[in-house]
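Bear in mind that the values here come from a model prediction, so they are computed numbers and not experimental data.
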2 protein chains.
Amino acid sequence: MSSEHDCKSRVPTRNINVSCTDCSLNPICLPVAVNDNQLEELDNIIKRSKPLKKGEHLFRASDPFASIYAVRSGTIKTYSVTEDGEEQVTGFYLPGEVLGIDGISTNIHSNSAKALETAAVCEIPFEKLEVLSAQIPTLQRHFFQLMSREIQADQQLIMLLSKKSAEERIASLLLSISTRHTKRGLSASGFRLPMSRNDIGNFLGLAVETVSRVFTRLQKQGIIHVDGKEVEVLDMQGLCHMSNGSESSAKTA
Amino acid sequence: MSSEHDCKSRVPTRNINVSCTDCSLNPICLPVAVNDNQLEELDNIIKRSKPLKKGEHLFRASDPFASIYAVRSGTIKTYSVTEDGEEQVTGFYLPGEVLGIDGISTNIHSNSAKALETAAVCEIPFEKLEVLSAQIPTLQRHFFQLMSREIQADQQLIMLLSKKSAEERIASLLLSISTRHTKRGLSASGFRLPMSRNDIGNFLGLAVETVSRVFTRLQKQGIIHVDGKEVEVLDMQGLCHMSNGSESSAKTA
DNA sequence: CGACTACTTGAAATATTTCAAAGTGAGTGG
DNA sequence: CCACTCACTTTGAAATATTTCAAGTAGTCG
């Protein structure tokens with residue numbers, strides 16, 4: 001299963017207990033906010049205990065909030081459950097991304113977080129981080145930034161949900177994933193979707209069937225090639241066009 | 001224009017330069033986070049210079065980010081503009097609520113903020129607030145909470161946009177406004193919508209016409225009484241029901 | 001008062017959903 | 001190793017909610 005995706009697993013995260021110093025994700029993760037001495041302090045408060053198996057929860061909505069988490073490998077989805085019991089996927093978190101910031105206000109998580117595949121995370125106890133933040137201005141600021149970025153991501157999603165068509169939504173998601181891959185030094189054009197069609201649909205506010213149909217449509221238009229979860233972007237520009245409402249359909253003006 | 005709405009303007013905010021101590025909003029605004037001595041410090045960094053006329057901007061997307069703002073009176077809407085020039089309303093801010101947190105990550109506002117009616121705001125320079133936050137742990141925490149609450153508000157909107165029908169959306173908005181009124185000690189059942197149907201539709205991801213139709217439908221069902229921007233909730237329970245997808249239509253099971 | 005913008009209402013058009021069914025793939029156990 | 005099951009995905013056809021287009025009404029401001 002993993003042998004045929006060698007090209008994707010370039011990131012050397014074999015060792016569970018690597019310190020931030022040695023972690024290949026440090027240029028995009030919390031460490032960017034601190035200098036070498038401070039990194040050690042940060043390192044000291046981080047717990048690296050939790051490798052999750054597919055389907056396991058990192059935390060659940062209504063759990064007390066104690067830590068935030070940085071994804072080291074794998075993918076985590078967050079979701080909440082509506083009053084009437086429906087699930088709403090609120091985000092997908094890839095390596096280097098931080099989740100769990102929800103719940104700071106209430107001290108209780110408002111989302112659940114579940115591993116979509118085997119995943120390793122770094123746990124950062126929030127109280128300790130708060131103390132450290134007060135001491136390290138750059139860290140405080142970085143933390144503010146993290147939250148602010150979360151807000152911006154949410155607002156982009158809001159825009160997407162309220163203004164974009166099914167095609168535009170899917171295109172946007174693909175681009176988002178592509179971009180985030182690039183940040184880790186991975187291919188922008190070829191990647192594996194870690195989530196199911198169902199999760200995609202749920203996240204984007206579309207029925208599963210619609211997701212499926214859009215994928216086939218995009219493929220017929222020669223913009224992407226899909227094989228199950230494996231995606232190859234053939235026409236990046238076309239995809240960009242499509243993602244921000246390029247009139248009706250693929251007029252390469 | 002303002003004479004016939006006397007019942008709504010119970011909040012004594014006549015004086016532009018009241019300090020936080022005297023502001024009737026202090027139990028729901030930033031001051032909740034600090035003790036009396038600290039309040040003075042907080043007070044000192046707050047600028048109360050800006051009374052905005054209807055239609056005026058508090059800040060615009062791409063403005064450098066320097067301050068956050070607490071609404072003192074009136075209503076502010078925030079919005080951003082998509083790549084293709086369309087406006088997306090991202091929030092409505094009522095008295096006691098804080099806006100402008102967007103832009104912390106980039107140091108540039110990602111939204112514009114515009115007064116929907118004459119509005120007074122308190123400006124809180126962010127750098128000074130940062131310094132003060134580092135000194136006053138409760139303030140730092142409160143600030144985290146503010147951001148986190150913003151995230152939660154966004155996530156609720158996401159849920160709404162991706163799962164709810166037009167009726168449910170409108171019902172949710174009405175309830176949200178009602179709740180926020182209550183926090184200020186105002187009537188839960190009778191209020192004036194400060195925004196246009198257009199803004200409502202834009203915010204909720206609906207066409208103006210749909211908004212209009214839903215209002216009339218809700219009125220025919222006896223759940224609300226609408227007269228222009230004036231809304232009276234006649235059946236609060238029914239409205240709640242409706243807001244979280246009570247099956248098809250108003251089955252008071 | 002006239003011009004404008006905001007709001008309402010109706011009818012037709014449309015994108016997406018829902019329902020239904022069949023295809024695919026992975027994992028299990030004999 | 002094959003067969004079987006279960007979950008996921010794809011595809012088609014009908015149903016539906018919302019949008020779009022169009023027109024009329026009402027309230028507002030100069």
Given atom [atom1] of [X] and atom [atom2] of [N], what is their separation to the nearest angstrom?
{"X": "Glu117(A)", "N": "dA26(C)", "atom1": "CD", "atom2": "P", "result": "16 Å"}
{"X": "Asp227(B)", "N": "dG27(D)", "atom1": "CG", "atom2": "C1'", "result": "11 Å"}
{"X": "Leu206(B)", "N": "dT19(D)", "atom1": "CG", "atom2": "C1'", "result": "10 Å"}
{"X": "Ile170(B)", "N": "dT8(C)", "atom1": "CD1", "atom2": "P", "result": "11 Å"}
{"X": "Leu161(B)", "N": "dT19(D)", "atom1": "CG", "atom2": "C1'", "result": "16 Å"}
{"X": "Arg213(A)", "N": "dA14(D)", "atom1": "CZ", "atom2": "P", "result": "13 Å"}
{"X": "Arg169(B)", "N": "dA17(D)", "atom1": "CZ", "atom2": "C1'", "result": "11 Å"}
{"X": "Lys54(B)", "N": "dT5(C)", "atom1": "NZ", "atom2": "P", "result": "13 Å"}

For [N], take OP1 and OP2 only and decide whether either is under 4.0 Å from a side-chain N or O of [X].
{"X": "Arg197(A)", "N": "dT10(D)", "answer": "yes"}
{"X": "Thr216(A)", "N": "dT11(D)", "answer": "yes"}
{"X": "Lys229(B)", "N": "dA6(C)", "answer": "no"}
{"X": "Ser165(B)", "N": "dA17(D)", "answer": "no"}

Minimal non-hydrogen separation, Ser110(B) against Gln152(A), with atom names: OG-NE2, 3.6 Å

Sugar-phosphate only, base, or nothing, as touched by Gly205(B) at under 4.0 Å among non-hydrogen atoms: sugar-phosphate

Sugar-phosphate only, base, or nothing, as touched by Ser196(B) at under 4.0 Å among non-hydrogen atoms: sugar-phosphate

Side chain of Thr210(A) (C-beta onward), nearest among dT16(C), dT8(C), dT10(D): dT16(C)

Pair Phe203(A) and Tyr79(A), ring centroids less than 6.0 Å apart: no

Sidechain N-carboxylate O distance under 4.0 Å for Lys163(A), Glu86(B): no

Under-3.5 Å donor-acceptor pair between Arg217(A) side chain and dT11(D) base: no

Side chain Glu209(A) and base dC19(C) donor-acceptor under 3.5 Å: yes

From Asp199(B), Asn111(B), Asn202(B), Thr90(B), residue fulfilling side-chain hydrogen bond (donor to acceptor under 3.5 Å, both in side chains) relative to Lys77(B): Asp199(B)

Result of checking Lys164(A), Glu168(A), Arg169(A) against Leu204(A) for side-chain contact (heavy atoms from CB on, under 4.5 Å): Arg169(A)

